[in-house]
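Below: one structure, written as structure tokens.
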Amino acid sequence: MAHTSHIVDSALGAVGHTPLVRLDRIAKHEGLQCNLLGKLEYTSAGGSVKDRIAKRMVEEAEKEGKLIPGYSVVIEPTSGNTGIGLAMACAIKGYSVIITMPNKMSLEKEAALRALGAEVVRTPTEAAWDSPESHIGVAKRLQSEIPGGIILDQYRNVNNPLAHEYTTGPEIVEAVVSTPSTEARPSSGKVDVLVAGAGTGGTVTGISRAIKKKHNKDCIVVGVDPKGSILAFPDSLNTDGAGSQYVVEGIGYDFIPDVLSRDPADVNEWLKTSDEESFAAVRLLMRHEGLLVGGSSGSALSGALRWLRSDKGRAVAQTKGANVVVLLPDGIRNYMSKPWFLKMALEAEPSPLAQRIADVLKTSKSDVQTNVDGLADGIAARTAAPDLENRPDAKDEVSK
């Protein structure tokens, strides 16, 4: 299921086809009887769930004659992953790419984009979506002034949710249906619950439609939205922390994208999550399941666990064989320079084994620790100061 068993023509043939993984150790840790399953999107060729929409948007634009080889310049405002998917597709197909991206997005995303040949323009994180200074506003200005410029527009492009309705959703259904129910591992044979974060909203909308239309109309779909975003429905859910900044990348917005369905028939329930619980759930996935996921995967898992503890979710949580699928959008590759990850990885509580190692080596704790604040400050200098003469070197790394 995770990979094709034949030679593919390009990296685009390795988009999707990602595994559905049992999260049994977390389920046991949380006292769950249901099957907790993670859709592991970082195994896609470009490293995220957004590879799917990038591939489809480019291929459909070609079919419609909107992309012209040797002339068209693909311009896209993005939090990073859609840009990486587009840059990968356009590197293969020969189109030039410009990505506009808010400053808060990681250095790793920019580096990956540039490695794939894209030009990257950073914009103020605090700029409202409809401001000329926002990543959307800057993309529109570039499109108007660069010959051949075209914005495929993940926020409005119907091929965003269709990519998930035609690929991600059916893959989830196939994995669940084709896995037999046994005494040791009972299964309802259905996708009973789907939990996914929302950015553009195309992922949760498209997967929901795939499941509800052709597989299980009674599947409960739970959307996860960070505090500070306004995507959750009803709007009253968004009042707590309204307008506040959040660190998690790739989910949440200050406007409602056209591709997001807030119809309760598509997304039955919504939960708001905080950065703190999201990053705690990332640690759970890493330490208990060995999955090197990004922050939005933690948001999805923390939302799933909270829903399963709720009055509505408790019955599902204690039903053997019920299948609860959590969409894990990307991996830690894009966030290894982020202070939240460095602190989690390098400032974790010392284990008994660490103390034993220290005793054996007769070294003090300070001798083996990394200065996380200094490391994070150095990385921030690269990201926040694009006009440094020696970019991408930070000031402390410039040769004397």
Side-chain angles (χ1 to χ4, degrees), residues 11-18 38-61 74-93 95 97-102 104-106 108-113 115-116 118 120 135-136 139 151-169 171-172 196-207 210 223-224 226 231 248-253 257-260 293-297 299-300 326-335:
L12 292 177
V15 167
H17 310 290
T18 58
K39 182 64 167 165
L40 200 59
E41 289 296 291
Y42 71 69
T43 63
S44 183
S48 86
V49 69
K50 296 292 191 163
D51 293 351
R52 298 173 185 268
I53 73 168
K55 176 183 177 181
R56 184 174 177 88
M57 288 195 303
V58 167
E59 291 181 344
E60 292 302 309
V74 174
I75 304 169
E76 189 71 16
T78 170
S79 20
N81 279 331
T82 300
I84 291 171
L86 285 171
M88 177 181 70
C90 291
I92 292 166
K93 291 176 172 290
Y95 299 108
V97 182
I98 303 171
I99 298 301
T100 60
M101 188 167 68
K104 94 166 191 179
M105 306 310 167
S106 72
E108 289 90 339
K109 288 178 179 176
E110 180 178 345
L113 286 162
L116 289 165
V120 180
H135 65 312
I136 295 173
I151 298 176
L152 296 181
D153 197 354
Q154 61 177 321
Y155 305 106
R156 301 176 63 185
N157 194 316
V158 295
N159 292 299
N160 177 345
L162 284 177
H164 300 295
E165 185 173 345
Y166 295 159
T167 68
T168 326
E171 286 176 23
I172 291 170
T200 65
T203 302
V204 68
T205 300
I207 298 175
V224 176
L231 301 184
V248 169
E249 298 181 29
I251 56 173
Y253 273 108
D258 289 1
V259 296
L260 168 63
V293 298
S296 61
S297 295
S299 300
V326 183
L327 197 286
L328 306 176
D330 70 358
I332 199 60
R333 177 195 72 183
N334 286 341
Y335 312 102

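Heavy-atom minimum distance, Thr100 versus Pro77: OG1-CA, 3.1 Å. Residues Tyr42 and Asp330 come closest through the heavy atom pair CB-C, 3.7 Å. Considering all non-hydrogen atoms of both residues, Lys55 and Leu12 come closest at NZ-O, 3.0 Å. Across every non-hydrogen atom of Gly295 and Val248, the tightest pair is C-CG1, 4.2 Å. Contact record, Ala11 with Ile92: CB-CD1, 3.8 Å, taken as the closest heavy-atom pair. Taking all atoms of both residues into account, the shortest heavy-atom contact from Gly252 to Leu231 is CA-CD1, 3.9 Å.
For Glu76 (side chain) and Asp153 (main-chain N/O), a donor-acceptor pair under 3.5 Å exists by modelled atom type. Under a 3.5 Å cut-off, the side chain of Glu249 and the backbone N or O of Ser106 do form a donor-acceptor pair. Proximity of a side-chain donor or acceptor of Glu165 to a complementary backbone N or O of Asn159 within less than 3.5 Å is not detected. No donor-acceptor distance shorter than 3.5 angstrom exists from the side chain of Lys50 to the backbone of Ile84, with no hydrogens or angles considered. Under a 3.5 Å cut-off, the side chain of Glu171 and the backbone N or O of His17 do form a donor-acceptor pair. Not a single donor-acceptor pair under 3.5 Å links the side chain of Asp51 to the backbone N or O of Val15.
Atom CD1 of Ile98 is separated from atom CD1 of Ile75 by 4.5 Å, given to the nearest 0.5 angstrom. One finds the CG atom of Leu116 at 10.0 Å from the CD1 atom of Ile99 (value rounded to the nearest 0.5 Å). We find the CZ-CG distance between Arg56 and Leu152 to be 13.0 Å, quoted to the nearest 0.5 Å. With rounding to the nearest 0.5 Å, the separation of CE in Met88 from NZ in Lys93 is 11.0 Å. In this structure, Leu327 CG and Ile172 CD1 are separated by 6.0 Å, a value rounded to the nearest 0.5 Å. To the nearest 0.5 Å, the span separating NE2 on His164 from CD1 on Ile207 amounts to 6.5 Å.
A donor atom on one side chain and an acceptor atom on the other are not found under 3.5 Å apart for Gln154 and Thr200.
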As a quick check of understanding, evaluate side-chain contact (heavy atoms from CB on, under 4.5 Å) for Thr168 and Thr203, giving each step before the final call. CA-CA 8 Å; Thr168 326; Thr203 302; 5.6 Å; no
Does the side-chain contact (heavy atoms from CB on, under 4.5 Å) test come out yes or no for Met101 and Leu113, once each step is laid out? CA-CA 11 Å; Met101 188 167 68; Leu113 286 162; 4.1 Å; yes
If you apply the rule side-chain contact (heavy atoms from CB on, under 4.5 Å), what do you find for His135 with Met105, and how did you get there? CA-CA 11 Å; His135 65 312; Met105 306 310 167; over 6 Å; no
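Leu260 is not listed as a side-chain neighbour of Tyr253, based on a closest heavy-atom distance of 4.5 Å or more.
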